[in-house]
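Structure first, then comments.
We're numbering straight along the sequence, starting at 1.
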Amino acid sequence: MQTVAQPKSLWGGELGLIAVLGLLGLLCLFIAARTIEPAYAFHMGLGVIAAALSIFAIFQRYNARPSEHPPLEIDGLPNYNFGPVKFLTLMALFWGLAGMAVGVYIAFELAFPDINLAPWFNFGRLRPLHTSAVIFAFGGNVLLATSFYVVQRTCRARLAGDLAPWFVALGYNFFILIAGTGYLLGITESKEYAEPEWYADLWLTVVWVVYLLVFLGTLYRRKEPHIFVANWFYLAFILTIAMLHLGNNAAVPVSMFSSKSYIVWSGVQDAMFQWWYGHNAVGFFLTAGFLAIMYYFVPKRAERPIYSYRLSIIHFWSLIFLYIWAGPHHLHYTALPDWAQTLGMTFSVMLWMPSWGGMINGLLTLSGAWDKLRTDPVLRMLVVSVAFYGMSTFEGPAMSIKAVNSLSHYTDWTVGHVHSGALGWVAFVSFGAIYCLVPWLWNKRDLYSLRLVSWHFWIATLGIVLYITSMWVSGILQGLMWRSYTPQGYLEYSFIETVAAMHPFYVIRALGGTLFLLAYCLMLYNVYMTITASERAAPVTQPSLQPAE
């Protein structure tokens with residue numbers, strides 16, 4: 001008996017998204033026609049183009065897809081949705097190159113000020129472009145990619161939603177595009193790590209809510225009764241960043257036809273909100289999210305279970321509780337009440353314990369597998385990232401102590417501290433995760449070249465050492481020169497003398513960043529060759545258990 005094919009029609013989600021994108025595109029077109037700000041009109045024009053391309057892509061997908069929804073399982077195995085993960089991984093690699101290249105350029109701008117090219121390519125506009133590109137573009141795409149991968153694998157369930165994961169992936173990168181071009185065009189709220197203006201913030205809020213729903217929906221449909229600890233860290237990262245974003249970016253636009261807005265907080269309240277946001281962006285974006293990566297990829301690569309699952313739970317709850325209170329240590333010796341400064345310092349010092357508990361848990365996961373460090377440079381990179389995490393989380397609480405902070409704050413010591421965590425911890429654990437993900441996602445037997453990974457590791461490590469040591473010396477020298485007085489009670493050095501004294505250290509810093517960028521280019525080549533030229537893996541006949549799942 002011949003079966004009659006079901007007529008194909010647009011699904012409810014496709015129709016709804018087409019309607020929303022159409023309305024947003026018309027709104028952007030209306031604003032672009034009415035605004036008198038060229039940069040704002042440019043962004044609205046990008047919104048029109050993005051909406052039109054998205055609607056076109058939905059119809060193209062409709063023409064190519066079958067009439068039924070993708071099955072959750074095929075032959076009893078989870079039908080994972082790795083398409084968005086692949087896209088996010090590639091975007092992370094792209095934004096990493098852009099962000100690191102800009103970082104190297106502005107490092108040379110500080111060493112050689114004549115290469116500042118006004119207005120678009122001066123330090124003031126490129127510096128937020130660099131920080132946002134490496135933190136939110138590179139780091140954010142890594143977090144989205146790994147979270148979408150890990151939550152599927154540890155739950156043995158397909159990502160919730162059909163178009164929703166793609167909306168998150170594409171919508172987040174559109175936010176990055178708006179934010180980055182806005183900095184170059186002079187559109188900024190002038191808030192550290194929160195520079196995008198009100199309309200970009202609104203768009204990110206929508207994308208982030210959908211991200212939370214996709215993650216929660218996947219957890220809800222899980223086949224495993226236990227929620228793996230990495231998912232706890234991802235969930236804390238998603239929820240807390242949403243809270244921080246809404247609190248710190250509460251603003252009133254001048255008009256729907258203007259990019260300018262005014263923050264509802266003022267004075268010391270604004271400063272308190274900013275550094276409650278700023279430090280917890282470090283705590284939950286650059287720490288909790290990447291600890292989730294550590295808790296999945298280190299055991300997976302070492303082929304060992306987590307050293308202590310109980311310690312991982314203690315690590316999670318103590319870190320989550322303590323970190324949220326540590327922001328005021330950025331405001332020592334300011335108008336912030338002294339009790340609030342002391343509270344931030346106290347909780348910062350207490351953070352040393354759970355942070356090192358997590359580091360010890362990650363390192364001891366290699367018990368019985370330390371020999372792998374000699375032969376597996378990917379695991380070596382992951383383990384060294386955990387060591388950098390331990391070093392940064394010792395230095396940070398020490399710098400929060402008022403007596404130390406009086407010397408270190410506003411100096412290059414802070415820059416060195418930030419980059420020891422950013423390059424040694426965040427970047428290295430991200431590189432290790434990407435080196436693991438690429439063969440898995442593209443079904444390759446292994447990376448194209450482990451030797452290139454080893455070269456990447458050593459060149460990048462040398463770059464980090466040059467960077468952070470030069471900034472440590474520079475920062476301490478700055479602090480000592482600024483607090484040096486003559487017998488008559490006058491400052492011994494003028495400000496320009498302290499700037500001149502920094503020149504050799506700025507050159508070393510720029511060279512260290514250049515080495516790190518060159519090593520990253522080796523990674524890009526290795527990934528490209530892995531995807532295009534490496535041998536395909538044998539087909540998997542049954543699901544393999546993951547360590548500690």
Hey, could you give me the [atom1]/[atom2] distance between [X] and [Y], rounded to the nearest 0.5 Å?
| X | Y | atom1 | atom2 | result |
| --- | --- | --- | --- | --- |
| L24 | M44 | CG | CE | 10.0 Å |
| M243 | I238 | CE | CD1 | 14.0 Å |
| F228 | R222 | CZ | CZ | 14.0 Å |
| R153 | C155 | CZ | SG | 12.0 Å |
| L447 | T530 | CG | OG1 | 4.5 Å |
| H456 | S449 | NE2 | OG | 13.0 Å |

Next item on the list: Take Y183 and T188, measure what side chain to side chain donor-acceptor pair (under 3.5 Å) needs, and give me the verdict at the end.
Entry: CA-CA 6 Å; Y183 303 153; T188 174; over 6 Å; no
State, with a plain yes or no, whether a side-chain heavy atom of [X] is found less than 4.5 Å away from one of [Y].
| X | Y | answer |
| --- | --- | --- |
| N122 | L117 | no |
| F431 | F457 | no |
| L319 | L291 | yes |
| I320 | F284 | yes |
| S258 | T35 | no |
| P196 | I178 | no |
| L23 | L27 | no |
| Y295 | H315 | yes |

Checklist line | Test side-chain contact (heavy atoms from CB on, under 4.5 Å) applied to P165 and V214, T218, L170, the passing residue | finding: V214
Would you mind checking if [Y] and [X] are paired as a salt bridge, meaning a charged N to carboxylate O distance below 4.0 Å?
| X | Y | result |
| --- | --- | --- |
| K260 | E189 | no |
| R156 | E73 | no |
| K191 | D201 | no |

Is the distance between the ring centroids of [X] and [Y] less than 6.0 Å?
| X | Y | answer |
| --- | --- | --- |
| F148 | Y234 | no |
| Y389 | W425 | yes |
| H245 | Y277 | no |

Mutual orientation of the aromatic rings belonging to [X] and [Y] [parallel < 30°, tilted 30-60°, perpendicular > 60°]:
| X | Y | value |
| --- | --- | --- |
| Y296 | W440 | perpendicular |
| H279 | Y323 | tilted |
| Y40 | Y199 | tilted |

Next item on the list: Mind running side-chain contact (heavy atoms from CB on, under 4.5 Å) on V151 and L159 for me, showing each step along the way?
Entry: CA-CA 8 Å; V151 75; L159 273 179; 4.0 Å; yes
Next item on the list: Assess whether side chain to side chain donor-acceptor pair (under 3.5 Å) is satisfied between S190 and E195, documenting all intermediate values.
Entry: CA-CA 5 Å; S190 302; E195 288 94 347; over 6 Å; no
Next item on the list: Kindly determine whether F297 and T146 satisfy side-chain contact (heavy atoms from CB on, under 4.5 Å), including the steps that lead there.
Entry: CA-CA 9 Å; F297 287 90; T146 55; 3.9 Å; yes
Margin query: Please enumerate all residues that pass side chain to side chain donor-acceptor pair (under 3.5 Å) together with Y172, with sequence neighbours excluded.
Written below: none
Item checked: Distance under 6.0 Å and angle within 45° of ring axis: R34 vs F257 ->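 The answer is yes; both the distance and angle limits are met.
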Check: For W166, is the NZ or CZ atom of R61 found under 6.0 angstrom from the centre of its six-membered ring and inside 45 degrees of the ring axis?
Finding: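 Cation-pi check for R61 and W166: fails.
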Item checked: Working for side-chain contact (heavy atoms from CB on, under 4.5 Å), residues T287 and T393 -> CA-CA 10 Å; T287 302; T393 52; 5.7 Å; no
Donor on one side chain, acceptor on other, [X] and [Y], under 3.5 Å:
| X | Y | result |
| --- | --- | --- |
| W95 | N173 | yes |
| N141 | T89 | no |
| E197 | S259 | no |

Next item on the list: Among W208, F215, F290, find the residue that satisfies the ring-ring contact (aromatic ring centres under 6.0 Å, His included) test when tested with F237.
Entry: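 The residue from W208, F215, F290 that satisfies ring-ring contact (aromatic ring centres under 6.0 Å, His included) with F237 turns out to be W208.
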